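Some notes on the structure that comes next.
These numbers were taken from a predicted model, which means no experiment stands behind them.
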Number of protein chains: 2
Amino acid sequence: MEFVGSVVTGVATLSQTMEDGRRQMVGLLLPSDFVGRPGREYAAFNVEATTDVTLCKFARKPFEKLLNDMPHLRERMLEMALDELDAAREWMLLLGRKTAREKIASLLMIIAKRQNTLKPIENVEELKFELSLTREAMADYLGLTLETVSRQINALKKDGVIELERKRHVFVKDITRLLNETGDDADGGYFE
Amino acid sequence: MEFVGSVVTGVATLSQTMEDGRRQMVGLLLPSDFVGRPGREYAAFNVEATTDVTLCKFARKPFEKLLNDMPHLRERMLEMALDELDAAREWMLLLGRKTAREKIASLLMIIAKRQNTLKPIENVEELKFELSLTREAMADYLGLTLETVSRQINALKKDGVIELERKRHVFVKDITRLLNETGDDADGGYFE
DNA sequence: CGGTACGTTGAAGGGATTCAAGGCTAGTGG
DNA sequence: CCACTAGCCTTGAATCCCTTCAACGTACCG
């Protein structure tokens, strides 16, 4: 924990593991996300890269000094922390109450949103993106087993909600169709 | 969302509800917890009091002004947000990977910790506290049904891990015994 | 005393897990 | 060049934990 930083390219995960090996992902770090916690010596969670990652890193101590000198930076940090908290709470709804199928659909939407920078153009109805996670990583994200992830992804494919290419490339013809599978109300903020 | 504030006495909850009624609690607000989000007009989640609550509240706009004038306040807000984020992540492990019994044990520990201000006296082995939540609220906290909550609480009682008085008062003779039921490693930070 | 909110308990059913086997693809070394 | 291995993914069958549905118990209150 000598450093803090920001993801520039690649994907990393934040996770927690129980003694017997059960694992839950608690953070998905995509480009622009912040890593580390100012004002804390130790790390509470495991950070792992799932692809090659380039990081823009700062030594923690000088960074903390910087926080004091630049009020805007701290303002930004607070904003980011609160956004993450909101995301964590959405995630809790997913983990606690959604079905396996809804979980998968939700994850696909989350990844799609983040990768496409989400232009607010309302006419976007198609979507194409890459899953940079293995089935196991998805399972850890969603609180499922990798078998269930595999089955549900293929079920969505069989039902024509998504199309797959080489297991990792997803193509969505009709976004609202996928949106309806997430269990979220209305458009889930996708078009805002 | 015209106000922000801090809980002084009582218990409130932060929750999210799906169209069909499924509900997940995403925040448990106990005395000293902060309510509301500076810099945001609308509320993303429902806040409900589960007991009578006294609140120390501030109009949001002046409070935001205060944040700019007092750097220490913003520092404190950031710290609180990051602590909440850590708590949310522990909660995610609970929701995604723990069994019903582990969930109940974990919830009991969480409430116990917060109500007893947790003196770091290591000799504490007994514990007595009140559940200010209904079975249904616990279910919403844990991502279970209220029936499962009821069954698991009574199972813990039958196994001698806890004792009950009038359904809401819990007495724990042997804390480590309860701790072992949570699925967390070691002491879960209880004695730190 | 009826009504309501909260809690318990039983029986049946189902969605996800567990266990097991096999397929696909890329990289490696003979 | 081609087995050969390793990592990832899929699929089936059986099992189990939790949910669902239903009935009943209890305490409090007008």
Exercise. Give the other cluster members for A:M18, using side-chain heavy-atom distances under 4.5 Å between Ile, Leu, Val, Met, Phe, Trp and Tyr residues; answer none if it is isolated.
Key: B:L93
Quiz item: What is the distance from NZ of A:K157 to C1' of D:dT10, rounded to the nearest Å?
Solution: 10 Å
Quiz item: Under 3.5 Å, is there a donor-acceptor pair between the side chain of A:D20 and the main chain of A:R22?
Solution: yes
Quiz item: Is the backbone of A:L14 close enough, under 3.5 Å, to the side chain of B:R89 for a donor and an acceptor to pair up by distance?
Solution: no
Quiz item: Between atom CG in A:D20 and atom C1' in C:dT18, what is the gap in whole Å?
Solution: 14 Å
Under 3.5 Å, which donor-acceptor pairs link side chains of residues 153-160 of chain A to any protein atom two or more places apart or in another chain?
| from | atom 1 | to | atom 2 | distance (Å) |
| --- | --- | --- | --- | --- |
| A:N154 | ND2 | A:S150 | O | 3.0 |
| A:D159 | OD2 | A:R101 | NH2 | 2.2 |

Exercise. Rounded to the nearest angstrom, tell me the gap between atom CG in A:L142 and atom C1' in C:dG15.
Key: 16 Å
Self-check item: Flag, side chain of A:T50 to backbone of A:V11, donor-acceptor distance under 3.5 Å
Solution: yes
Practice problem: Verify whether one side chain among B:T54 and B:T9 offers a donor that lies under 3.5 Å from an acceptor in the other. | Solution: yes
Quiz item: With distance as the sole test, does B:T134 use its side chain to make a donor-acceptor pair with the main-chain N or O of B:A137 at under 3.5 Å?
Solution: yes
Quiz item: Roughly, in whole Å, what's the span from NE2 in A:H169 to P in D:dC9?
Solution: 13 Å
Quiz item: Taking atom C1' of C:dA16 as reference, at what distance in whole Å does atom CD1 of A:I104 sit?
Solution: 12 Å
Quiz item: Which pairs, with at least one residue in residues 130-180 of chain A and sequence neighbours excluded, count as a ring pair (Phe, Tyr, Trp, His ring centres under 6.0 Å)?
Solution: A:W91-A:Y141
Quiz prompt | Proximity to DNA chain C (any heavy atom under 4.0 Å), residues of residues 90-98 of chain A only | solution = none
Atom pairs under 3.5 Å, N or O on each side, protein against nucleotides 28-30 of chain D: can you list them with distances?
none

Quiz item: Rounding to a whole Å, what distance do you find between B:R22:CZ and D:dT20:C1'?
Solution: 14 Å
Quiz item: How close or far is atom C1' of D:dC17 from atom NZ of B:K103, stated in whole angstroms?
Solution: 11 Å
Quiz item: Is a side-chain N or O of B:S106 found less than 3.5 angstrom from the main chain of B:E102, in a donor-acceptor match?
Solution: yes
Quiz item: Between atom CD in B:Q152 and atom P in D:dC18, what is the gap in whole Å?
Solution: 6 Å
Detail all sub-3.5 Å separations between protein N/O atoms and N/O atoms belonging to nucleotides 7-9 of chain C.
| from | atom 1 | to | atom 2 | distance (Å) |
| --- | --- | --- | --- | --- |
| C:dG7 | OP1 | B:R168 | NE | 2.9 |
| C:dG7 | OP1 | B:R168 | NH2 | 3.4 |
| C:dG7 | OP2 | B:R135 | N | 2.8 |
| C:dT8 | OP1 | B:R135 | NH2 | 3.3 |
| C:dT8 | OP2 | B:R135 | NE | 2.7 |
| C:dT8 | OP2 | B:S150 | OG | 2.7 |
| C:dT8 | O5' | B:S150 | OG | 3.2 |
| C:dT9 | OP2 | B:N154 | ND2 | 3.3 |

Quiz item: Pick from B:T182, B:L142, B:L107: which one makes a side-chain contact (heavy atoms from CB on, under 4.5 Å) with B:L94?
Solution: B:L142
Quiz item: When rounded to the nearest 0.5 angstrom, what is the spacing between CG in A:L28 and CG in A:D33?
Solution: 7.5 Å
